[in-house]
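Within every chain, numbering begins at 1; the chains are lettered A, B, ... in the order of the sequence lines, protein sequences first and strands thereafter.
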There are 2 protein chains.
Amino acid sequence: MGISQEISYRLERLILDGGLAPGQKIPSERQLAARLGVSRAIIREALHELQGRGVIQTHHGKGSFVASILPATEDLDDRSPLAHLFAGHPRTLYDLLEVREQLEGQAALLAAQRATAMDRHRITKAFRVLESTDPLSNARPDHGFHQAIVEASHNPILVHVLNGLKNMMLLTVQASVANLNPREEMRRSIMRQHKQIYQAIMTGKPTAARKAAMAHVRFVGDSMRTLERQGAKVIRVSLSADATGRGLTPSA
Amino acid sequence: MGISQEISYRLERLILDGGLAPGQKIPSERQLAARLGVSRAIIREALHELQGRGVIQTHHGKGSFVASILPATEDLDDRSPLAHLFAGHPRTLYDLLEVREQLEGQAALLAAQRATAMDRHRITKAFRVLESTDPLSNARPDHGFHQAIVEASHNPILVHVLNGLKNMMLLTVQASVANLNPREEMRRSIMRQHKQIYQAIMTGKPTAARKAAMAHVRFVGDSMRTLERQGAKVIRVSLSADATGRGLTPSA
DNA sequence: AATTGCCAACTGGTCGGACCAGTTTTTCAG
DNA sequence: CTGAAAAACTGGTCCGACCAGTTGGCAATT
């Protein structure tokens with residue numbers, strides 16, 4: 001453990017322990033350097049690390065300040081690179097949707113072909129839950145529905161891949177739920193799309209199922225893109241708290 | 001936005017775009033400083049920021065390495081349970097081909113849309129190698145060609161997913177090479193398909209590229225299925241050694 | 001010939017001082 | 001007293017030096 005790590009750790013402790021409140025200014029780099037008996041370069045490196053974690057914000061000529069949006073719910077996942085990945089690079093969300101479109105399309109197709117009675121039962125159950133949940137907090141039911149379909153594809157590779165993307169998928173699902181569902185007409189569109197997927201699978205229509213699933217994912221992406229372009233403030237989803245109230249624990 | 005922020009952003013983008021894979025070593029601080037025309041201090045600050053976000057890890061005396069940013073779609077290596085799954089159930093090979101068909105189709109489409117001059121150069125190089133290699137031992141060139149295309153898609157998620165499936169993909173590629181290429185007419189078909197994919201991408205025809213790539217993967221699967229059904233002794237490929245004589249160690 | 005051991009050349013870690021560039025405070029001329 | 005210049009902050013960037021782990025090759029030893 002290097003000195004800069006140690007410094008950043010001490011500073012973070014100081015902040016979290018309440019010694020420094022959100023929005024408060026922290027001592028200048030030169031002061032910290034003198035006080036802690038290290039070079040200014042070290043201080044700067046430590047500050048950059050905290051900056052990377054979103055703990056502080058610095059402004060040229062003014063100083064560094066404790067970020068107001070501290071991990072209030074101290075969910076470890078909040079520091080997850082994933083959150084920053086999406087926060088810093090919104091494009092990544094669309095990258096994921098591009099992949100999802102293909103994978104979920106294929107999953108739906110296979111599910112329509114291969115679903116057993118048990119699979120159909122599970123899918124139906126998930127669909128019922130999805131239908132009967134508060135639209136504003138059904139990120140998990142939504143994801144559960146999609147997952148049931150994937151599992152019905154009986155393609156272990158597909159299951160494995162989608163499972164690896166689980167956390168990220170939950171993010172996109174939440175993003176869509178949080179941004180799209182409040183808009184009545186969009187909510188209905190999505191509902192309709194879910195139903196189409198469901199029916200196509202249950203009635204064993206592979207190509208229809210694939211088409212519906214792909215259209216669904218594409219719709220989500222296009223809608224969010226449109227919203228973003230319109231300057232609407234898109235709700236950035238954090239990993240630590242979602243509409244369901246539960247954190248996104250790492251997949252097993 | 002300061003220079004260090006810009007640098008850290010560029011590095012992250014580089015990593016995400018697949019230019020640097022998880023676990024891979026990134027250039028030394030002095031090299032980066034020289035290459036990007038900034039001082040080493042700036043590089044260190046940028047690296048500390050990425051470190052704070054968990055994007056990289058640095059080790060004294062060794063260097064900085066890309067952390068596994070994305071929630072592992074773990075690399076299916078030799079010891080992986082899934083590898084055994086594959087060994088025992090040949091069907092898994094077709095499961096993988098099903099997934100590959102979608103993913104590589106999408107990759108080809110995006111590559112045709114987004115490939116930069118550099119990408120085209122890399123793809124062309126890979127294609128040349130593929131053309132001029134002994135058909136019986138070109139599993140790696142074959143895979144290299146496909147990989148070049150994937151990277152040209154500029155979709156980090158896609159790159160990551162395919163990368164996680166890399167070892168298994170090498171298996172299918174080897175399986176196809178070992179079984180299909182010895183049959184003259186099939187070898188020519190595959191050659192032709194590769195050329196089609198290549199040309200569609202180079203001439204910027206997205207849908208054609210997707211179609212060609214999907215058809216290619218499908219052809220491989222169908223051919224092997226046919227062979228197997230005909231009772232031909234299908235060459236089983238092991239994970240630890242391939243036709244090139246080299247193990248499936250991660251490429252540099 | 002094989003092995004051991006050491007040294008040179010990497011790598012990151014730390015330092016101090018210099019200078020630039022914004023921001024705030026002080027000062028002093030009008 | 002007012003307002004503008006100037007001084008005294010703040011962070012941002014650079015340089016060159018040196019310390020400290022790591023590694024690989026070469027040489028001396030066995």
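- Judged by closest nucleotide on DNA chain C, B:G63 is the one of A:K62 and B:G63 placed further toward the 5' end.
- The local environment of NZ in A:K25 is crowded, with over 12 non-hydrogen atoms from other residues, nucleotides or ligands closer than 6.0 Å.
- Scanning for ring-ring contact (aromatic ring centres under 6.0 Å, His included) contacts around A:H59 gives A:F65, with sequence neighbours left out.
- Residue pairs meeting the salt bridge (Lys or Arg N to Asp or Glu O under 4.0 Å) criterion with at least one partner in residues 105-114 of chain B, sequence neighbours excluded, are A:E98-B:R114.
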Starting from the C-alpha separation in whole Å, work towards a yes-or-no answer on side-chain contact (heavy atoms from CB on, under 4.5 Å) for A:R10 and A:L36.
CA-CA 10 Å; A:R10 281 174 63 177; A:L36 299 176; 3.4 Å; yes
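- Remark: B:S28 engages no residue in a side chain to side chain donor-acceptor pair (under 3.5 Å) (not counting sequence neighbours).
- Residue order along DNA chain C, read from the 5' end via each residue's closest nucleotide, puts A:Q5 first among A:G61 and A:Q5.
- Residues of residues 29-44 of chain B that place a heavy atom closer than 4.0 Å to DNA chain C, in numerical order, are B:E29, B:R30, B:Q31, B:R40, B:R44.
- Listed by chain and residue number, B:H194, B:H216 satisfy the ring-ring contact (aromatic ring centres under 6.0 Å, His included) test with B:H146 (two or more places apart in sequence, or in another chain).
- The outermost nucleotides of DNA chain D lying under 4.0 Å from heavy atoms of chain A, listed 5' to 3', are D:dT10 to D:dT13.
- Crowding of B:R40 atom CZ: a count of heavy atoms from other residues, nucleotides or ligands under 6.0 Å exceeding 12.
- Using a 3.5 Å distance cut-off with no hydrogens or angles, the side chains of B:H154 and B:D119 do pair a donor with an acceptor.
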